Every structure is written in structure tokens, then in C-alpha cells.
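Report on one structure; see the data block that follows.
Please read all numbers here as calculations on a predicted model, not as lab measurements. As a basis for the values below, the full set of heavy atoms in this structure was taken, side chains included, without hydrogen atoms, waters or symmetry mates.
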Amino acid sequence: MTAGVRQEPREATRPRTPRRTRLPALLALLIGLAGVGYRLALLLADAPPTNSDEATMGLAALHIARGEGFPVWFYGQAYMGTLEAYLAAPLVALAGPSVLVLRLPTLALYALFLALSWRLTRRLGGDRWFALLVVAVLALGSDRVVKNQLIAGGGYPELNPAGAALALLTVSLCAGVAGARLPRRAAAAGAAATGSAAAGSEAAGTAAAGAAARLVRWAGWGLVSGLLLWADPLILPFVLALGAVLAGCRRRELIGRAGAALAAGLLVGAAPMLLDSLRHGRNPLAAVLTASGADAAATWGDRLHGGLVLGPPLALGFCSPGHCAGWQLWWAPTFVMLLALATTAAWRALRRPLPPADLGHFPFAANDNSPRSGDDPAGATEWRVSAAVRLALLAGAGAVLAAYTASSAAGRTPIESARYLSVLAVAMPALLWPLRAAARRAGLWPSPRHRDEATGSDRPGHHVDEPEPFNTGDRMRTRAAGVVAVAVLAGMLGTGAVATAGTIGGVPATHAEADRHRVLVDTLGALGVRHMRAGYWTCNRLTFVTGEDVRCAVVDDDLRPGFDRLPEYRRAVDADPDAAWVAPAGSPLAARLDGRLGPGPGTLRMVEVPGWRIYLPRR
């Protein structure tokens, strides 16, 4: 096993890394910046359109910034934590209430998701070109995708970066124990070689620092899990799947300080949810199931169509704004097949026995390095951890898709409810794994070059999951599979680009609507309106952008009281006899209020602005 291994001075064997190995990282950086820049441009153009749910989160941020309240849940319900409000509160305190200020933290969360996805793909064993592909797919932004990522409406923008961070921590903790013991060995070896107590003490200090850093990672895993469960339980399948991997590979370590650190982090992250549940006897999970439509009727045909046909294309960015064209639905069966293929490949890789002798072909997933002959534990461990974490990500994605398909929301409101599948993007590195493997086997993928751990040189690498074809028939099938894989990848990028272009095409209309809303706000201020009644999708939006200078009570189209997320607003409106009414022009509410126009006392007079009607009582 050690034949041919030659030790040479480090200074003499460290050639400069070829420039071409840096090209994928540079391209990924540029594409990532383009993805963030595209979303920033959308925010500056008032896209995607805001709504009263987002304004409700903004009101929570406003109250936190003023010290007037520290809400645990989205106002008016007992689920969906207010993490986004706490992130935005410092900016609201500095710059005042606005949709842009509210969304800057969600933009930062998206940028973090891109960086974590690159790192996760590399840690799982993907080469730089594959990590570049993952970043490119995630940089595209269709209508549904940018809504999930940028609208601070509760739960969705933080799920993907937190899920990727959790997967990355799982890889680090499962693959890092062997490495964590190396400093202790180095301490003993250093002391023996030099005979110096100082050298041994220094190495022991390094080992202690490494152990402390590992405990921090354990606590971080628990903290991220707790925050996710508080923010939105939709991510629960990923937490359970990754937790199972962690328990399976580090069950002995969990019995000691590591388990205590994880439990402490989990309690801290979930503390708002746990304390509120204990105080009020609430069950957030039951509230989520009720809100998702679990108590409403929908046929199984509608559920299957909304969950399996419309759901994946909408959630992963392959549909135009607000709908899916027939040709864009090709991704639905492709997603299901990829999920099955990737799961099978990860399971086979996890169950495959280790070669008895030469382990030099097992890659270090962190940096594409291959261990030298005889360095079995690191390479073999990283290989198995990669397969296990990929399997966990795919299991989480499958569970989320199955739960969504079984819910009535998939059948009743499939276009809007596809937001529940936004967490599928966390599994993108594992989902695309079979496509990269097929393209590599066919020679249609850039050949990776592993950096040798000892010398720093680049040399061609080989992946154990990709056996070489043995005969002409195998080579033909391999070539065909590779062509299909490349075609699917090209189709993904092309379809996503078309959907992104469709989103850009809708920006002028969204910006014009935002301008009309600003005119409405200015007109209300000029009229001295402090209290008003309006529909649900109008009320809190106006209240937030005016910094609560205008307070609104919700009414339905028949002028009856509606759902007020903050009941104190209704009390203030009911106490004001001069409270106004506001309705979108041409809406059923406006038609009903038009019937109350007149010249005498007790009737209404109307002030019209573009797109809106303001009704003032006559005295």
C-alpha cells in the first residue's frame, strides 16, 4: 500500500495551483453576486409585491424597535415565529418603517444560502464545477422563488440558509472526530520528538481549543434546530433526518458533553416557542396543520395534481409568474425520478463495502484531496458521511413533498401554497448528484483534479461511485446516460432562465402599483386621516408604511368586521366617528361603499386617487 510514496521537503514540492482550478470558484462568485444583485434590483423596484402579511411582520419589527412589545408568534396566530421581525428591528429603528428596510435581512439570508450551498456541495464531495452548477441553479429567480426568498412574511426566507447550515454542521461533526483526535496524537509525537515540555503543552492547548470548537459546533447544531422549529415547523423533516445521521454516527459522543451542548443550544433556540407553549398551553404543530388545510376537504386528484405536478416546478423556479405553462411542467416527473435515483445512489454508496486494501481513491470531501495510501479513516469516513447526509437531505425533501401532497392546501390553493415546498432547495446538491455522476462517467463533465494533502500538487481523481464501463455496450449506455444528464441540466437552466425573465417582465406593473400606493399614503396624510376601515390586504400595509400614524380595522366586502391581527386597532377605529374607508377602485368593497355616497349627513363623500378610493363621512 505504501509503494511509490516518497517524502520530499514541503518547500520543494508545492507547485502553484493551476489557474483553471480557480475558474469555477470565480465563476460561482460572479454568478452569486449576479443572483444577489438581481434580487436587490427587484427590491429597489418594489418587487415582488408586498402584502398585509408582510406588513404584519413589519409591525412586529416596529414594536420591537420601539420597545413596545416582543412578540413570539406572527400576530393573530399561535405558530410561525417572528425571527424576521427581530432581524429587521435594528434597521427599522435606524431608517424607519419601509418594505425595503424590512427585506434587507432576507436578502442577506439569501446570499448566505448561496455561500452555504457552495460549501455544502464541496463538503459532500462535489467538485468545484458541480458546486458552480448548484449556485447557478439557485441564482435564478422565478416569481414564486423570489417571493419565498425576499418577502418577510414569516418562515420562508430563513428556512433554506438554516437548513443548509444544519447539513453542513452535520457533515463537520460526523466527519471530524478522527481529525479531532489528531492534535492529541500530534501533542504526544511532538513532545517525544523534541523532548520539550513546552512543545507538548502547546500541542495540548491546540487539542483543547479543537475540543472546545467542536462543542461550539454541537451547540450550534442545537441552536439552529431550535430556531428552525420556532420559525416554521415545515423544516422538521430535514431536522429529523439530519439528526438521525448525527445520532447514528456519533451516538457515543452524544452521551457526554456533546449531547449536553446540543440540548442547551436546542433549548435556547426554541425557548420562545417553549415558554409561550408552557404559559398559554398552545400547540404550534396543531396550529400549523390546521392552517395548511388539514381540516378542509379536497379530492385526492386535486391534491396529487397540486402536490406532484404543480408543486416542484413552482417551488424550485421553473414556472412563469403566477402559473405553470404546460411545457414548464416537464420538471415535475423529472424531479420525482431524480429524487428516486439520487436516493438509490446515496443508499448504495452508504451500503457499499470498503475496499480491503488501497483506499487512495476515496476523496476528502472538504477540499477534493485524496489521502495517501494507508490514511484510511479520513477518506472512508468522509465518503460514508457524504452518502449519509445526501440520503438525509433526500429523505427530508421526500417527506416534505409527501406531507404537502397529502394536505388539502395542495388541492385547494396549489399556486399560492407551493411556498410550503420552498425548503426543497436545501436538497439541491443531493438531488443533482446523479446528473453530475452520469455526465462524469460519460466524459461530458470537467475532469476534477485532487490536491494532494502532502504536496499540494494537482492530479486526476476518481470517484468510487462512478465505475468505469467495461465493454462497448456499457460505454454506449454510459454515453447515452451522460447526454441525457447534460440535457436535463441544460433544460433546468434554460427553463429557470425563462421563468426569471418572466418575473423581470412583470416588474414595471409591480412598481406602478407601488407608486399608486405611495400616492394613497400621501393623500391620507394630506386629508388628516388617522383611522380607517379597509379590506384585509389593505389594512396592515397602510398601517406599517405610515408607522402606525394611520390605524385600520378590517372589514369584508359586505362591510362586516373582518380578521384583525391586532385587535387594538379596531378599538381605536370604532372610537373615531370620523374614521374613513379605503377600497381598491373597481373592487366589490368599493361598489358597496359607492351605494353610501350622498350629500346629506350620514353619507359618504369620495376622494379618488389612481387605483384607490377614499370615502370620508359627512357631518
Can you confirm whether the side chains of Arg303 and Ser408 place a donor and an acceptor under 3.5 Å from each other? yes
For salt bridge (Lys or Arg N to Asp or Glu O under 4.0 Å), just list the numbers for Arg592 and Asp558, CA-CA rounded to whole Å, side-chain angles, deciding distance to a tenth of an Å, and then say yes or no. CA-CA 7 Å; Arg592 178 58 64 92; Asp558 294 322; 3.2 Å; yes
Under 3.5 Å, side chain of Gln149 to main-chain N/O of Tyr110, donor-acceptor pair present? no
Please round to the nearest 0.5 Å and tell me the distance separating atom CG of Leu112 and atom OG of Ser117. 9.0 Å
Could you walk me through whether Val385 and Val389 pass the side-chain contact (heavy atoms from CB on, under 4.5 Å) test, one step at a time? CA-CA 6 Å; Val385 168; Val389 172; 4.1 Å; yes
Has the side chain of Arg250 got a donor or acceptor atom that lies under 3.5 Å from a matching backbone atom of Leu173? yes
Taking C-beta and beyond as the side chain, do Thr50 and Ile151 meet within less than 4.5 Å on heavy atoms? no
Is the backbone of Arg144 close enough, under 3.5 Å, to the side chain of Asn148 for a donor and an acceptor to pair up by distance? yes
Can you tell me how far the CG atom of Leu339 sits from the OG1 atom of Thr344, to the nearest 0.5 Å? 9.5 Å
Looking at every non-hydrogen atom in both residues, tell me the closest pair between Ala167 and Leu393 and how far apart they are. CB-CD2, 4.0 Å
Quick one: does Leu314's side chain get under 4.5 Å of His323's, heavy atoms only? no
All heavy atoms of Val245 vs all of Ala388, minimum pair found to be CG2-O, 3.6 Å
Donor on one side chain, acceptor on other, Thr82 and Trp73, under 3.5 Å: no
Within a strict 4.5 Å, meaning less than it, do heavy atoms of the Met428 and Leu316 side chains meet? yes
Smallest separation among heavy atoms of Leu421 and Pro312, with atom names: CD1-N, 4.2 Å
Is the shortest distance from a Lys or Arg side-chain nitrogen in Asp302 or Arg412 to a carboxylate oxygen in the other one below 4.0 Å? no
Summary of salt bridge (charged side-chain N to carboxylate O under 4.0 Å, His left out) pairs that have at least one residue in residues 419-431, sequence neighbours excluded: Glu416-Arg419
SB check Glu54 Arg103 (cutoff 4.0 Å): yes
Checking side-chain polar atoms at under 3.5 Å, does Ser320 have a donor or acceptor matched by the opposite partner on Gln328? yes
Any side-chain heavy atom of Leu432 sitting closer than 4.5 Å to one from Leu435? yes
Which residues pass the side-chain hydrogen bond (donor to acceptor under 3.5 Å, both in side chains) test with Asn160, sequence neighbours left out? none
Answer yes if the side chains of Trp330 and Thr495 hold a donor-acceptor pair under 3.5 Å, and no otherwise. yes
Measure the OG1-CG distance between Thr334 and Leu338 for me, rounded to the nearest 0.5 Å. 6.5 Å
Could you tell me whether the side chain of Ser386 and the main chain of Leu124 form a donor-acceptor pair under 3.5 Å? yes
Output the distance between atom CD1 (Ile31) and atom CG (Leu138), rounded to the nearest 0.5 Å. 11.0 Å
Under a 3.5 Å distance rule, please check whether Ser587 uses its side chain to pair with a backbone N or O of Ala583 as donor and acceptor. no
Does Arg384 use its side chain to pair, donor to acceptor, with the backbone of Leu350 at less than 3.5 Å? yes
What I'd like to find out is whether the side chain of Trp347 reaches to under 4.5 Å of the side chain of Arg351, using heavy atoms alone. yes
What distance separates Leu229 CG from Leu227 CG, expressed to the nearest 0.5 Å? 9.0 Å
Side chains of Asp53 and Tyr536: any donor to acceptor distance under 3.5 Å? yes
Under 3.5 Å donor-acceptor, Ser172 side chain and Leu168 backbone: no
Report yes if the side chains of His305 and Pro414 come closer than 4.5 Å at any heavy-atom pair, otherwise no. no
Trace of the side-chain contact (heavy atoms from CB on, under 4.5 Å) decision for Leu593 with Leu559: CA-CA 8 Å; Leu593 290 170; Leu559 309 185; 3.8 Å; yes
Do Leu133 and Trp445 touch side chain to side chain, with heavy atoms closer than 4.5 Å? yes
Is Arg565 close enough and on-axis enough to Phe74, meaning under 6.0 Å and within 45°, for cation-pi? no
Using the side-chain contact (heavy atoms from CB on, under 4.5 Å) rule, take Leu150 and Arg39 through it: C-alpha gap first, then chi angles, then the decisive distance, then the call. CA-CA 8 Å; Leu150 298 181; Arg39 286 159 176 80; 3.9 Å; yes
For the side chain of Arg533 and the backbone of Ala553, is there at least one donor-acceptor N/O pair under 3.5 Å apart? no
Where do Val145 and Leu140 come nearest, in terms of heavy atoms and distance? CG1-O, 4.2 Å
Minimum heavy-atom distance between Ala430 and Ala342, given as atom pair plus value: O-CB, 3.4 Å
side-chain contact (heavy atoms from CB on, under 4.5 Å) between Leu87 and Leu109, intermediate numbers included: CA-CA 10 Å; Leu87 293 176; Leu109 287 172; 4.1 Å; yes
ring-ring contact (aromatic ring centres under 6.0 Å, His included) filter on Phe318, not counting sequence neighbours, yields Trp331
Is there a side-chain contact between Asn540 and Tyr569, using heavy atoms and a 4.5 Å cut-off? yes
Whether Thr170 side chain and Leu246 backbone form a donor-acceptor pair below 3.5 Å: no
When you check the side-chain N and O atoms of Asp143 and Thr503, is any donor under 3.5 Å from an acceptor? no
Do Arg390 and Trp433 meet the cation-pi criteria used here (NZ or CZ under 6.0 Å from the six-membered ring centre, within 45° of the axis)? yes
Got a donor-acceptor contact below 3.5 angstrom from the Ser52 side chain to the Arg541 backbone? yes
Closest contact, heavy atoms only, Pro48 versus Thr510: C-CG2, 4.3 Å
Rounded to the nearest 0.5 Å, what separation is found between the CG atom of Leu234 and the OH atom of Tyr79? 10.0 Å
